[in-house]
Every structure is written in C-alpha cells, then in structure tokens.
There are 2 protein chains.
Amino acid sequence: MRKNPIVQRETLGAAVLQVRSGRATSRTTLAKALGISPSTTGLYVDHLIAEKYLNESGLNQGPMGRPRRSLSTQAEAGWFAGVEFNAQRIQAVGVDFSGGLKMTEELLLPADVMADQVINSILACVAKLSVAMQGPLLSVGIGVPGLVDAQAGLGLYYAFIQDWKQVPLVERIGSRLKVPVILQNNMRAIALAERWFGIGHGLNDYVILGPRSGFGIAMVQDGRVVEGAHHAAGEVGRWPWPLMAAASGGQELHHALSAPATWRRLAGVGERAMLPEDLRTGLAALAESAGPEWDAVCEDYARVIGLLHLIINTGVFVLHGPLTMLGERFCHSITDSACALMPALRDAGLKVVPSTLGDNAGALGAASLAMEAWSPA
Amino acid sequence: MRKNPIVQRETLGAAVLQVRSGRATSRTTLAKALGISPSTTGLYVDHLIAEKYLNESGLNQGPMGRPRRSLSTQAEAGWFAGVEFNAQRIQAVGVDFSGGLKMTEELLLPADVMADQVINSILACVAKLSVAMQGPLLSVGIGVPGLVDAQAGLGLYYAFIQDWKQVPLVERIGSRLKVPVILQNNMRAIALAERWFGIGHGLNDYVILGPRSGFGIAMVQDGRVVEGAHHAAGEVGRWPWPLMAAASGGQELHHALSAPATWRRLAGVGERAMLPEDLRTGLAALAESAGPEWDAVCEDYARVIGLLHLIINTGVFVLHGPLTMLGERFCHSITDSACALMPALRDAGLKVVPSTLGDNAGALGAASLAMEAWSPA
DNA sequence: TAGGATTTTTTCGCATTCGAATAAAAAGCC
DNA sequence: GGCTTTTTATTCGAATGCGAAAAAATCCTA
C-alpha cells in the first residue's frame, strides 16, 4: 500500500471533475487530463477511493493491453444544491455527487419582493431539498440575475428587486449553511449548465442566447466564461434598437427581442395584446403555423447573432428560454438569414441550436457552479 | 553557494518576463509574481544571473527593513526580432533583452507580391537587423495579416496577397533562422505591443481599434488575447454597414469606416477624391479644423464601439493607426457620442484613448510575441 | 500453450520544491 | 551605540511529485 499523504486539495477537486464528466475513466487517462504523472495520479486516486469519493467499477478492455480499471464517482458521497432566481420565482435543484439530477423545487415570489425575503426563500428551498438528498450538502451555487461580482460574492444590482444592491449573498447564505457558496450571473450559470448537462460537453467556445423578459447572452471562450472587466459582459439587451436609431428615438433590444415581444409579432397581435397563459405553449403553437412576420423576426435575431459571431467567433449559439419552443426550424431560419445578411458568415462555421435543457437550466447551471468549485476538505 | 540544478525552463522564462516588465524587482516580489516560494525563487535567480540573463543592480531601500536587491535584465544577453507586414510593406524591429527598441527596418513590397517573396523579404529584414544588434538572436515574432493559426504556425488566408493560403510560416522562417518563430494576427500583435510598450502595462482588459485600409480589432480579456474558435475573432470590419442594411444593399464596415474613407468624409470630398500623399499628416491637418461631418463621423465610430463595449465590457479602447492623428478630441467625441446613443454606457466605464505607439506598433507587438515565447535553452 | 506485443498500473529511488527557521540589512528609538 | 522592528534573502531538513523500470493484465500469434 502506498502511503504518501496528499495535500493538493485543488488537484483532488479537479480529478473528481474529470471523472464525473466522463473525460477520464482510468488512472492513466486521468493523469493525462490533469497533466500530472501516472504515479502521482495513482496516489490521488487511492486517496479519493479511501475517502469514498470515487470507486472502481470493473474493468474496461481496450483493443489491446492491460484493461483500464474504470473509475467513477460515488453518487452517495454528498450532494450539490443549485439555485436560480429572478423577481418572480426561485428554482432549485439537488444534484448527487455523480452529477445526477435528483430533485427540483420551485417557489413563487410575491410581487415587490425584497432582498431579505429572497435570501430566506433560497434557504427554505435548500432546506426542502436537503431532507430528500443523500449524504451531506457539499456546496451551493446560485445563479443571480443582474450584475454579479462572483469573486467578492456580491449581487451588485438587479432592476426588478427593489433593494437588490450590493447584496452579500455568499456571506449571508454561507454563514447559515456552513458550506461554500458560489455566485454567478444567471446567464453565465446557464452556460455552465450547457457544459455539464447539455451540448457543451466537448465544446470550448459557445454562446448562450437567453431571450426571456429581456435579452441576455453569456459567452464561453476557450473554456472560460467571460465576465467582463466590470462584470457586465453580454449586455446585448442594452443595444439600441433599431441598431442605427438616433439618440433618443429608439428603444432597447431588451424590449424589441424579448420572448413576449417575439410572441406578439409571430402571433400578429398588437403591442398591448394579452400574453397567453403559458408563453412556452403559446410559442409552441406558433412553431408550425408561421405567421407573415416569421421571416422578419428571424432576420432580426439573425442580425444580432451575426454581429456577435463576427466579433467573438465562437462555435455554436445555443438558444435558451421560451423561444426554444419554436424548434429547429427557427434556428435554421436564423442561420440562413444571417448568412444572407452577412456574406462573411458563410464559411465562418455559424451554428444556432436550441438547447435540450428545459426551464431549469439556470438552476442546473448553478449546481454546476457548485460542482466546479468543490474540493474535498 | 546553492547548487541545485534547475529544470523548469518555462518558469525561467516567466521569471525573465516579470523582471523585464518591471513587475518584479527583487527576489521576494518575483516569488509572489510567479506564485512560487522565495527559496525556490532564489535558486532560479541564481541560475539566471549565472547564465548572464539577469543581473543585480544595486539595492533599493523600502520604507523599512532590509533593502531589496534589485534585479534587472541584461540588455546584451541577446535580442528579439519583431516583424509585421501587409501587402505593401514589411516593418521589422530589433529589441534587446531588456525590451529596449534598438533598430527599425522597413521594406516596401512590389504590387502583386507573392508569398515566397514575402518570406524572403522577411528573412532579409531580419538579416539586416542582425548585423547591428548585440548578442544572439533569441526568437522571432511575426504579425501576420488576415487569418492566422498561431498554434499550427500557419498563415491561413489574406486577401491581398494572391497565393497567401495555408502558408507554413513558422516552418519556413524557423528552418532558416534556427530560432523559435511565433505567429499572431497583426491586430492581436498590436494588442501585445500595447501591453509591453504602451498603455496596457497593468491592464487586463482592453480592445485595440485598428482602422486602416480596413477595420479590425483585437480584444484582450483577463490578460489573454482572444483568438476565437476559428481564429477569426474581431472581424468587425465585416459587419454590414449601415448596420440594419438589407441583404444585398449595403456595404461592409471595412469600407465605410476605414481610415481613407474617414479622411474623405472629414475633408468633405467625394468618394473618388484623391487621397493625400501621407494620410497621417492629412488627418493631422483635419484634427483642429473640424468639417461639418465631424459629429457624424464620431457618431458612427461611437455606434460601433458602444455595441462592442456592451458585449465584451472591457476597460479601455485603444485607437491605433492613422486616425490617432485626430488626437484626444476625436476620442472624447466618440466617448460622448456613444454615451448619448446608448444610455447603458453612462456608468459602464467606457474609455477611448489614442495609442502612444506609432506606426510600428505591429512590429513592436511581434517583438512582444517573441519575448513572451522565449525561455532559456 | 508459451512467448511476444501492448497498454495500464505500481514500485522505488531521486531531486525539486516547499516551509519554517535563521541570517542579513537597514531604519527607528531611546 | 545598543535595542527593537521590519523586511529581504538564505539555509536546511522534509516531503511531494516525477521518471524509469518493473509488474500486471490482456490479446495476438504461432
């Protein structure tokens, strides 16, 4: 038996991440993934198995040679909480140590909710999850709307909760739960969700498009989520619309390309028309029966996406939010329209796809935050 | 005397970079900058001094305590070549080991130049530099126009040199010069120039604006130059113009916001009007005597910069190229105009400044590439 | 069925890196 | 001037991580 003590907690955490993601399935592949030597990797794996974080799940014969001893995470080792909220509701998920989604929780917030109440509701949601989840709570990720200073653990500003300014979320939640708490802007959390639960598995460059009540995006470049120097990257929603509008005349893109506005245009009703009970099903109904506005709507999205792609040149645009109900056809129309508008896009590898994650992508992303930040004590 | 052998060449290179940049001036500060222990740092410094890369230049008394033994780079330890080119000319600089610019070289290219000739001319430029520079040539950086695959060492495509497709520059130059050759797109090279020779010293997030014959930008986010998934980040020049133009109608931003086009608009002459002999002086003359188009021109730039800032949210926009001759006033007008057009920019820390680097920023940037890549044998 | 061939894992000695303590070099203070 | 305080640099033992080689586990071939 080897007996070196282990100290590099961060490396242990990274090792678990590699195994959980399925990128590393044996000691040797793990060594390559982590960039450390096989001998050291052996020590780390021994330690993680001894601590019941990993286990060996049989052999896996390659085309030749000694079969690899498959590694996998121990689902019961503990769980991660992911919470996302906005002014209307809180969504929370419980994810086991293997990254499996085990429980979801939703809680509606009253109108004019204040920061204190949001924090208490988050705590209540997590408490509700914890009775059903196995093992200890390991860490909590929170997808926060508006401006977020992830490093400082602050919610900086969010327009739709009155006193949401400089809220020390990490401190207030962490002091109660006694586990690490990690924040991120909710759009950027969705980007992580895509990495762990969706299409982003092997992708290093992609953009999340999130048209809901506004229009936000999140960018992943070279595997890293882009924050911006002032935590405000991706504020496309604050572009003027139309793009060349005069100073005072136009409105903002937030307003023009939001999900409700898009539904109204596709449905061919006026600006004041009532929205359907459930926007998602309302949109789904429109997916096939394209109104006369379909092309114009797609062209507007194409314009925005095209401009974005020419700047940041990522691989894939992943559509989130209610508009995913418009399906592949919507995404194809956008791609085609973009290439027609901007010839440079033709051989630039532009691709728009609807997310396969549902409504709780934000909460899943928050759980991803928690998973990425965790490392053994 | 300590006597451990040293192996981590990359760390040695990083140490030299820290000292050269002035960020680390003593063993202790260097240890912090590199994130390694003071004892190990001592060993590394000993080694670098023994190899004549660094030297101790006296003491530097702080407010209290033992004075630090100042470290500095040995200018004569060797030199770096930086080369930038386009279809018209090659510019090259020789930079000593301390990062001091020692020589510049320029070479005009004939019309319809081909790739082979460009490569030979680059070699000729470097040869010319090498007779005057002290010590051995350590590495060569090249700022390449068009699409570049820096990792593969290929010039992928450049529209203005006929056969410029998949040019294996690193191989062809490296095999002759027998030193490491590093490529980067010329705009992104300028971004590095700004870091080493200009305003970018302590900056981690900024954008280079390069309106010349076209309009390219380069972005630095969190200290890293953004390449894009397909090496095509920053292709703002290929935005349609006007931005909401119909598919076939409009032209590209490249054309509308280039330096020549801007001169013509400011000078109030037609699209076909002859350009001045030297565009830089021509623009300088216009800096004060603002024509009636001044505001409209600034507004167009403001529009582009504003959109960019809302997406990537970097700190500073650094204006390069001939338009720097329009001076601070131009930059201020742009900033003001942008804030007027997009209210969201008002408290977003938008700043536009003219670069203090001159015409050879690209070559300096290429030299920076060379410096960043070098580490002792 | 024995002997390569191939790939994964482990063993083991060694050397680099670290941490803590020590030494060194100055300033401030009585 | 001797004392403490403060900061920088070095010494030295300990140990972590590495490399090379050995061991292990399977397939292929004759």
Side-chain angles (χ1 to χ4, degrees), chain A residues 1-16 18-19 22-51 54-72 375-376, chain B residues 1-16 18-19 22-51 53-72 375-377:
Chain A
M1 186 60 185
R2 292 170 287 193
K3 55 188 171 190
N4 277 32
I6 304 282
V7 285
Q8 297 275 66
R9 295 197 310 129
E10 295 210 353
T11 310
L12 287 173
V16 170
Q18 294 292 334
V19 172
R23 242 167 307 178
T25 56
S26 71
R27 285 157 171 81
T28 313
T29 50
L30 182 58
K32 256 177 220 145
L34 295 175
I36 61 179
S37 74
S39 34
T40 309
T41 307
L43 295 173
Y44 275 82
V45 170
D46 283 354
H47 180 86
L48 287 167
I49 290 176
E51 300 276 326
L54 298 184
N55 54 16
E56 287 187 330
S57 48
L59 299 181
N60 181 324
Q61 182 60 47
M64 198 172 288
R66 175 171 175 175
R68 48 193 83 190
R69 301 166 67 178
S70 302
L71 299 173
S72 53
S375 54
Chain B
M1 185 62 184
R2 292 170 286 193
K3 56 190 170 187
N4 276 32
I6 305 281
V7 285
Q8 296 276 66
R9 296 197 309 129
E10 295 210 353
T11 310
L12 286 174
V16 169
Q18 294 291 334
V19 173
R23 242 167 307 178
T25 57
S26 71
R27 285 158 171 80
T28 313
T29 49
L30 182 57
K32 255 178 221 146
L34 294 175
I36 60 179
S37 74
S39 34
T40 309
T41 308
L43 296 173
Y44 276 81
V45 170
D46 283 353
H47 180 85
L48 287 167
I49 289 176
E51 300 276 326
Y53 292 121
L54 297 184
N55 54 15
E56 287 187 330
S57 48
L59 300 181
N60 181 324
Q61 181 59 48
M64 199 171 288
R66 174 173 174 174
R68 48 194 83 188
R69 300 165 67 179
S70 303
L71 298 172
S72 52
S375 53

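With sequence neighbours excluded, the residues satisfying side chain to side chain contact (heavy atoms under 4.5 Å, CB included) with A/P67 are A/L59, A/Q61. With sequence neighbours excluded, no residue forms a salt bridge (Lys or Arg N to Asp or Glu O under 4.0 Å) with B/E51. Applying the side chain to side chain contact (heavy atoms under 4.5 Å, CB included) rule to B/R23 yields the partners B/Q18, B/S21, B/W196; only residues at least two apart in sequence or on another chain are considered. Legend: residues meeting salt bridge (Lys or Arg N to Asp or Glu O under 4.0 Å) with A/R68, ordered by chain and number and at least two apart, are absent.
Whole-Å rounding puts the B/L43 CG to C/dG19 P distance at 14 Å. Between A/E10 atom CD and D/dG17 atom P there is a gap of 13 Å when expressed in whole angstrom units. Rounded to an integer number of Å, the gap from CG of A/L59 to P of C/dT7 is 17 Å. Atom CD1 of A/I49 and atom P of C/dT10 are 8 Å apart (whole Å). The nearest whole Å value for the distance from the NE2 atom in A/H47 to the P atom in D/dT16 is 12 Å. When rounded to the nearest whole Å, the span between CD of B/E56 and P of C/dA25 equals 12 Å. The distance between atom CD1 of A/I36 and atom C1' of D/dC18, rounded to the nearest whole Å, is 11 Å. The CG atom of A/N60 sits 16 Å away from the P atom of D/dA25 (whole-angstrom rounding).
With DNA chain D read from its 5' end, the first of the two nearest nucleotides for A/S37 and B/S70 is the one closest to B/S70.
Of the side-chain N and O atoms in A/Q61, none sit less than 4.0 angstrom from OP1 or OP2 of C/dT7. A sub-4.0 Å separation between OP1 or OP2 of C/dT16 and a side-chain N or O of B/Y44 is absent. Between A/Q8 and D/dT16 there is no side-chain polar atom (N or O) within less than 4.0 angstrom of OP1 or OP2.
Put simply, CZ on B/R69 and OG1 on B/T28 are 10.5 Å apart, with the number rounded to the nearest 0.5 Å.
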Item checked: Reading 5' to 3' through nucleotides 1-8 of chain D, protein heavy-atom contacts under 4.0 Å coded B for base, S for sugar-phosphate only, - for none -> -----BBB
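Residue A/P38 places its side chain closer to C/dT10 than to any other of C/dT10, C/dG19, C/dT17.
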Residues 7-16 of chain B, side-chain donor-acceptor partners within the protein, below 3.5 Å, at least two apart:
from, atom 1, to, atom 2, distance (Å)
B/R9, NH1, B/P376, O, 3.0

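For the residue pair B/S39 / B/S37, a side-chain donor-acceptor distance below 3.5 Å is found, with atom types taken as modelled.
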